[in-house]
Amino acid sequence: MVLLLILVALSCFNGVFSLAQKELLSLKRLTTTPVPARFSHTPKDGATILEMKHIKHLQKGLTLDVVRVESIQSRIKNVVSGHVESSQAHVPISSGIQLQTLNYIVIVTLGIRNLTVIVDTGSDLSWVQCQPCRLCYTQPEPLFNPLVSPSYRSVQCNSQPCHTLQSNTGNSGLCGNNEPKCNYAVTYGDGSYTRGELGRDRLTLGTTPVENFVFGCGRNNRGLFGAASGLLGLGRNDLSLISQTSDVFGGVFSYCLPDSDSGTSGSLILGNDTLIFQNTTPVSYTRLIPNPQLYSFYILNMTGASVGGVPLQSPSFGGNGVLIDSGTVITRLPPSVYTSVKAEFLRQFTGYPSAPSFSILDTCFNLSAYEEVNIPTLKMQFEGDAEMSVDVTGMFYFAKRDASQVCLALASLAYEDQIGIIGNYQQRNTRVIYDTKQMQVGFAKEVCSFS
């Protein structure tokens with residue numbers, strides 16, 4: 001079991017109260033002034049807690065989110081044209097905003113070097129920037145140097161990991177000119193890329209070592225990675241962290257992402273120990289939709305939705321499926337679903353002055369004159385009677401901290417036949433369980449506060 005802890009501290013946690021099919025959101029706590037980033041490691045119950053304070057980069061973050069969604073849709077378009085005992089270990093995880101990314105980051109040890117990497121359920125191959133680097137973006141941490149890691153080994157061209165690069169990255173492994181190293185090249189749909197050679201090294205998650213972990217040693221990297229040292233892939237293909245550690249963690253992981261303004265902690269767990277969960281509702285499971293062409297993604301069958309308890313209608317329900325992704329921030333819905341959600345939300349959320357749209361968010365309000373508002377909440381239904389309730393903190397995106405520009409935190413896809421994406425903003429205060437062995441994803445309400 002790997003327990004990864006987040007402390008995202010900006011201000012005190014106050015004022016969210018349930019009220020039937022609506023929830024009351026306090027606006028006062030969102031107008032405090034953020035403080036600079038700070039880290040500290042404190043042992044607690046065998047776990048390491050990472051404390052952090054950060055400042056949001058709102059406009060830039062949503063611009064990068066647009067590009068990520070375009071990248072995912074491009075990848076999809078291009079592709080389409082026995083129980084194991086879990087080990088136990090603890091490592092910290094936190095928000096990546098201080099590294100110019102709205103995703104979540106984890107500090108792991110690769111060889112003898114601590115590295116901060118983005119956690120991404122939409123990617124398979126893990127990689128880090130390596131020294132010497134021909135073309136690397138700026139990162140605050142020293143680059144990983146394989147020459148000083150006693151456990152590092154190159155992956156050879158005729159090896160199985162090299163052969164599986166095609167299905168994991170879309171590009172087959174390439175042999176070097178002077179030695180039989182397995183070179184890789186991953187190009188994302190937005191033009192971002194990482195290139196280098198595959199290597200093996202000891203990956204340590206807390207105190208749990210994963211020997212011979214295969215990853216990309218990036219020598220040429222450009223794109224939307226903020227200032228993180230690399231990326232940790234939690235997809236489903238052979239080279240992902242989940243697949244490489246299936247004999248250790250049983251192919252199961254889960255997380256609970258906190259409201260970044262709440263000052264509470266959340267958790268990311270590798271392993272199947274449900275006793276560590278603090279869910280307030282039972283876990284409801286829905287099956288993963290099998291799609292051999294899109295095997296790496298976690299795709300669900302969304303059968304319905306409601307706003308403020310009012311059921312919605314859309315021809316897209318039960319259609320192309322919806323992808324759940326930790327790396328996308330704002331949920332994208334097919335146009336007919338988004339139109340239905342927006343219309344019902346506006347019907348119930350009346351009497352508030354409007355505000356200009358913000359980036360991809362077209363439904364905004366000026367709530368600066370209010371201390372609290374009663375918000376109709378969104379529920380998504382999935383095959384098998386599973387349900388995910390969007391927390392009140394995931395309904396509004398605060399473009400301005402004085403609440404003069406507060407937007408419905410949902411956006412529409414361009415076309416009806418595109419696959420919807422459930423972003424991390426709408427997954428707040430929800431325990432999301434990924435079980436790759438049983439081929440299912442589960443949801444339960446949980447206040448993301450680890451103790």
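Just so you know, residue 1 is the first one in the sequence shown, and it goes up from there. In this text, all values refer to a predicted model and were calculated from it rather than measured experimentally.
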*Asks:* Looking at side-chain heavy atoms only, is the closest gap between Y184 and L125 below 4.5 Å?
*Replies:* yes

*Asks:* Look only at the side chain of T328 and the backbone of D325, and say whether a donor-acceptor pair between them is shorter than 3.5 Å.
*Replies:* no

*Asks:* Assess the side chains of R431 and S254: does a donor N or O sit below 3.5 Å from an acceptor N or O?
*Replies:* yes

*Asks:* Go through the structure and list residues passing side chain to side chain contact (heavy atoms under 4.5 Å, CB included) with F365, not counting sequence neighbours.
*Replies:* F345, L346, F349, Y352, T363, L367, F396

*Asks:* About how many Å separate NZ of K181 and CD of E197, when rounded to the nearest 0.5 Å?
*Replies:* 5.0 Å

*Asks:* Report the distance from atom CZ of F297 to atom CG of N291, rounding to the nearest 0.5 Å.
*Replies:* 10.0 Å

*Asks:* Could you tell me whether the side chain of L239 reaches within less than 4.5 Å of the side chain of P161, counting heavy atoms only?
*Replies:* yes

*Asks:* I need the I422 CD1 to S326 OG distance, nearest 0.5 Å.
*Replies:* 12.5 Å

*Asks:* How would you list all residue pairs meeting ring-ring contact (aromatic ring centres under 6.0 Å, His included) that involve residues 314-333, not counting sequence neighbours?
*Replies:* none

*Asks:* Donor-acceptor check, side chain of D402 to backbone of S404, threshold 3.5 angstrom: yes or no?
*Replies:* yes

*Asks:* So, the side chain of Q129 versus the backbone of C136: is there a donor-acceptor pair under 3.5 Å, distance only?
*Replies:* no

*Asks:* Give yes when the SG atoms of C182 and C157 are nearer than 2.5 Å, otherwise give no.
*Replies:* no

*Asks:* Does some side-chain heavy atom of V337 sit less than 4.5 Å from a side-chain heavy atom of S340?
*Replies:* no

*Asks:* Sequence neighbours left out, what passes side-chain hydrogen bond (donor to acceptor under 3.5 Å, both in side chains) with Y434? Give chain and number order.
*Replies:* Y255

*Asks:* Side chains of I276 and I269: closer than 4.5 Å at any heavy-atom pair?
*Replies:* yes

*Asks:* Would you say the side chain of Y397 lies within less than 4.5 Å of the side chain of V406, judging by non-hydrogen atoms?
*Replies:* no

*Asks:* Tell me the salt bridge (Lys or Arg N to Asp or Glu O under 4.0 Å) pairs involving residues 414-424, sequence neighbours left out?
*Replies:* none

*Asks:* Between the side chains of T109 and T204, does any donor sit under 3.5 Å from an acceptor?
*Replies:* no

*Asks:* When you compare the side chain of I433 with that of F253, does any pair of heavy atoms fall below 4.5 Å?
*Replies:* no

*Asks:* What are the two closest non-hydrogen atoms of R428 and T393, and how far apart are they?
*Replies:* NH1-O, 3.1 Å

*Asks:* Rounded to the nearest 0.5 Å, what separates atom SG in C407 from atom NZ in K400?
*Replies:* 10.0 Å

*Asks:* Which atoms form the tightest heavy-atom contact between L361 and C364, and what is the distance?
*Replies:* O-SG, 3.7 Å

*Asks:* Would you confirm whether T339, through its side chain, and S336, through its main-chain N or O, come within 3.5 Å as a donor-acceptor pair?
*Replies:* no

*Asks:* Tell me every residue that passes side-chain hydrogen bond (donor to acceptor under 3.5 Å, both in side chains) with Q438, counting only those two or more places apart in sequence or in another chain.
*Replies:* none

*Asks:* Side chains of Q426 and T331: is there a donor and an acceptor less than 3.5 Å apart?
*Replies:* yes

*Asks:* Once you round to the nearest 0.5 Å, how far does OH of Y298 lie from CD1 of I324?
*Replies:* 10.5 Å

*Asks:* Heavy atoms only: give me the nearest A386-T286 pair and the separation to one decimal.
*Replies:* CB-CB, 3.7 Å

*Asks:* By the salt bridge (Lys or Arg N to Asp or Glu O under 4.0 Å) test, which pairs, at least two apart or in different chains, include something from residues 111-121?
*Replies:* R68-D120

*Asks:* Is there side-chain contact between V441 and V432, with at least one heavy-atom pair below 4.5 Å?
*Replies:* yes

*Asks:* With a 3.5 Å cut-off and no angle check, do the side chains of S243 and D238 form a donor-acceptor pair?
*Replies:* no

*Asks:* Could I get the full list of side-chain hydrogen bond (donor to acceptor under 3.5 Å, both in side chains) partners for S357, not counting sequence neighbours?
*Replies:* none

*Asks:* How would you list, by chain and number, every residue that makes a side-chain hydrogen bond (donor to acceptor under 3.5 Å, both in side chains) with D435, sequence neighbours excluded?
*Replies:* none

*Asks:* Report yes if the side chains of M380 and V390 come closer than 4.5 Å at any heavy-atom pair, otherwise no.
*Replies:* yes

*Asks:* Can you list the residues that meet the side chain to side chain contact (heavy atoms under 4.5 Å, CB included) rule with S149, with sequence neighbours excluded?
*Replies:* F144, S151, Y152, D201

*Asks:* What salt bridge (Lys or Arg N to Asp or Glu O under 4.0 Å) pairs are there with at least one residue in residues 137-159, not counting sequence neighbours?
*Replies:* none

*Asks:* Not counting sequence neighbours, which residues clear ring-ring contact (aromatic ring centres under 6.0 Å, His included) with Y137? List them please.
*Replies:* F225

*Asks:* Looking at CG of L312 and NZ of K342, how far apart are the two atoms once the value is rounded to the nearest 0.5 Å?
*Replies:* 14.5 Å

*Asks:* Sequence neighbours left out, what pairs pass salt bridge (Lys or Arg N to Asp or Glu O under 4.0 Å) with at least one residue falling in residues 205-214?
*Replies:* R202-E211

